[in-house]
Amino acid sequence: MIGSEIAAVLGLTAAATALPQQQKQTLQWKPCPELNEQIANLSDPFPITKFDCAKLQVPLDYSCPKSSELLELDLFRINATKEPVLGSILYNPGGPGGTAAENLPLNAPDLHLNIGGQYNLISWDPRGTGNTLPFNCGVADAAGSSNVARRDTDLSLASANTTEIFLNFGWDQAVAYADACFATNNKTGQFIGTGSTAHDMISIVDALGEDGLLRYYGWSYGTALGDYFAAMFPDRVERMVLDANVNPHTYQQGHRSEFLEDTDKAFAAFIAECLANADACPLVAATNATTPTELFAVFNALISPLAENATSSPEAFNAYVGAIAVPYQQLYYPANWPSLAQTLTDTLLGVVPDTPTTPPPPPYNLGTDSLNGIRCSDATLQVPDATSYLPTLSSQLNSTTGFGPIYSALWPCASWRMPDKLQYTGNFTAKTRHPILFVNGEFDVATPISGAYNASAGFEGSVVLAHNGYGHGIIPSPSRCVAEKIQAYFVEGALPEEGTRCEPDFGPWELRAFYEESGLVRPF
Ligand SMILES: *[C@@H]1O[C@H](CO)[C@@H](O)[C@H](O)[C@H]1NC(C)=O
Ligand SMILES: *[C@@H]1O[C@H](CO)[C@@H](O)[C@H](O)[C@H]1NC(C)=O
Ligand SMILES: *[C@@H]1O[C@H](CO)[C@@H](O)[C@H](O)[C@H]1NC(C)=O
Ligand SMILES: *[C@@H]1O[C@H](CO)[C@@H](O)[C@H](O)[C@H]1NC(C)=O
Ligand SMILES: *[C@@H]1O[C@H](CO)[C@@H](O)[C@H](O)[C@H]1NC(C)=O
Ligand SMILES: *[C@@H]1O[C@H](CO)[C@@H](O)[C@H](O)[C@H]1NC(C)=O
Ligand SMILES: *[C@@H]1O[C@H](CO)[C@@H](O)[C@H](O)[C@H]1NC(C)=O
Ligand SMILES: *[C@@H]1O[C@H](CO)[C@@H](O)[C@H](O)[C@H]1NC(C)=O
Ligand SMILES: *[C@@H]1O[C@H](CO)[C@@H](O)[C@H](O)[C@H]1NC(C)=O
């Protein structure tokens, strides 16, 4: 069903395409010093954990059993740190579009810390990323170049009229971007979605040569991948921890209309923590603010001119999205909150930051558009025109006062033309072999805890463990309580009682000292 043309596109060798599909493969792990060095260079100044490499050939198109076209996956392994070794845990680093090579070697110490060190950590560059069908549209991103609360506070952040932006040029830009991606990827774009990747996970589990069951830790988008896998292959789930959860239903539709639901709340927490650490938070000295209302007013004064101008042109809109993306992204990591306060102070005082003079090393991930390539090929909601999307837009904008324009990154999915061949369209209900453990922070800027409860409702016996800490996922806000529960789950299969809530060990202004004392140099 796919000619030799695609083999050329994929860079497949004759030998690779000739391998019979049924042949059982076992992973051959090898040292890969050159790639270790390349990743170390890219991660500098943050140290990486040494890893081994393997390759695995999988069917390009699982929906077509007769096809012998193959695809090569790049796999990476970081060894357990403690005996006895209990097996392997697969890890997906989120995005979608994140590569294992860039993320696993940086995150391994934190994963070991939470999981307990007795498992080998295995990850792979998902289809669309790295060197595996890299998805690249050859154009700048659509509306907003950013890749990137429950309204229980009295805060109201300055905002642009995003509906007007959407109708003036946002929708047209999104359509043009989707068209450009189709024009450049129409042969391969239907093989990189999450349904296909879930099948790859089966191939990987089989090739590990263990018990044929999945042990998995998924973060952020990796939770969607976990939900898809669990719904498609419930009998293969031996252990699954899903951390920082997307709502699988709105992810599947492609608009994620609630994903910024806790973002205002997280921003309010940043303001409150700054005031609580007034001596160490430079914003306080620079403004003499003593109340949250005063600090919000300071932030709004910075952002308002950009917001007011944002309707005037795509460039002005991009400048505005870029400005709100600064706090949005720093809110992922409470250890960065002091430097976010410094950045806002510098902006207020007109201090221009130094720009780096040495150019960065060439990128590892060749899939520059893999984020959209993957999530949009999963998306089931496509509409014919801007007007038809307005109810969806309104539910997106309803979830946040000031961060709504970040939703613009999802608009192209509504006119996507390359659905995943194995697109999963089910309702995420299943009885898994062993119940899933969901964990979620209560101030998560990108994945509100409602997503965890929503997903958990579909999977029998699953439990949500709430973490009363800041940041995107549990890793940026260490908690011995969370780590104990995750270790008990992986090792003994024990699930905490529904309703269990853990406290973080440190506040945002204490984290640097903790990382320095514990010798963990973190990539944030
Ligand atoms: C890593 O960086 C060093 C110093 O810039 C350079 O000499 C070396 O070639 C780089 N290695 C790789 C694999 O990119
Ligand atoms: C991981 O463990 C295997 C088997 O014990 C060993 O051969 C390999 O060198 C280790 N890899 C690294 C990067 O330490
Ligand atoms: C925003 O723009 C839309 C479309 O132009 C318009 O209908 C709406 O009244 C505007 N909202 C506000 C608050 O100005
Ligand atoms: C499909 O992609 C090829 C390049 O891979 C391009 O030349 C062609 O125009 C595309 N077809 C459509 C209908 O966009
Ligand atoms: C903050 O208060 C100090 C001391 O009263 C004063 O010197 C300074 O000008 C004030 N700064 C601002 C931005 O109001
Ligand atoms: C508003 O945006 C336009 C580009 O559309 C730019 O030329 C102008 O400088 C911006 N004005 C402000 C006040 O940022
Ligand atoms: C927006 O939020 C309000 C209040 O929470 C709710 O009543 C309304 O239905 C929401 N609108 C949409 C389109 O989601
Ligand atoms: C989900 O789908 C399954 C199979 O299609 C069906 O039996 C079940 O009733 C659905 N559950 C819900 C809550 O819609
Ligand atoms: C999960 O979210 C979807 C989409 O918002 C919604 O339709 C569904 O009712 C939710 N399910 C639960 C159990 O909350």
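Counting starts at 1 for both ligands and their atoms, in listed order. Position 1 is the first residue of the sequence, and the numbers go up from there.
The pair E442-R501 counts as a salt bridge, with a side-chain nitrogen and a carboxylate oxygen less than 4.0 angstrom apart. Taking a cutoff of 4.0 Å between a charged side-chain nitrogen and a carboxylate oxygen, D74 and K55 qualify as a salt bridge.
Shown here, atom 8 (C) of ligand 1 is in close reach of the protein: a heavy atom of it lies under 4.0 Å off. Shown here, atom 5 (O) of ligand 6 is in close reach of the protein: a heavy atom of it lies under 4.0 Å off. At least one protein heavy atom sits closer than 4.0 Å to atom 11 (N) of ligand 1. For atom 14 (O) of ligand 1, a protein heavy-atom neighbour is found at a distance under 4.0 Å.
Annotation for ligand 6: atoms under 4.0 Å from non-hydrogen atoms of A316 are 2 (O), 5 (O). Heavy-atom contacts of E34 reach the following atoms of ligand 1: 13 (C) (cutoff under 4.0 Å). For ligand 6, the atoms sitting less than 4.0 Å from at least one non-hydrogen atom of S312 are 2 (O), 5 (O), numbered in the order shown with element in parentheses. Close approach of ligand 9 to A457 is summarised as follows: ligand atoms under 4.0 Å from at least one heavy atom of the residue are 13 (C). For ligand 9, the atoms closer than 4.0 angstrom to any heavy atom of T250 are 4 (C), 5 (O). Taking every non-hydrogen atom of S313 and a distance limit under 4.0 Å, the qualifying atoms of ligand 6 come out as 4 (C), 5 (O).
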Residue pair T223, T447: steps toward the side chain to side chain contact (heavy atoms under 4.5 Å, CB included) verdict
CA-CA 10 Å; T223 64; T447 50; 5.8 Å; no
Decide salt bridge (charged side-chain N to carboxylate O under 4.0 Å, His left out) for D52 and R77; before the verdict, give the C-alpha distance in whole Å, the side-chain angles of both, and the deciding distance to 0.1 Å.
CA-CA 5 Å; D52 299 310; R77 178 184 71 186; 3.0 Å; yes
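A ring-centre distance under 6.0 Å is found for F259 and Y407. The six-membered or imidazole ring of H199 lies near that of F233, with a centre-to-centre distance under 6.0 Å.
Remark: side-chain polar atoms of N398 are not paired, donor with acceptor, to backbone N or O of S394 under 3.5 angstrom.
At a 4.0 Å cut-off, not a single heavy atom of P305 sits close enough to ligand 6 to count as contact.
Side-chain contact, S388 with D385: a donor N or O sits under 3.5 Å from an acceptor N or O. Using modelled atom types, one finds a donor on one side chain and an acceptor on the other under 3.5 Å when comparing D420 with S196.
Between Q38 and ligand 1, no N or O atom pair is found at a separation short of 3.5 Å. Looking at ligand 9, you'll find an N or O of N454 within less than 3.5 Å of one of its N or O atoms. Looking at ligand 1, you'll find an N or O of N41 within less than 3.5 Å of one of its N or O atoms. At least one N/O-N/O distance between N247 and ligand 9 falls below 3.5 Å.
When hydrogens are left out, the protein atom nearest atom 1 (C) of ligand 6 is N309 ND2, 1.4 Å; that is the closest non-hydrogen contact.
To the nearest 0.5 Å, atom CZ of residue F229 and atom OH of residue Y424 are 13.0 Å apart.
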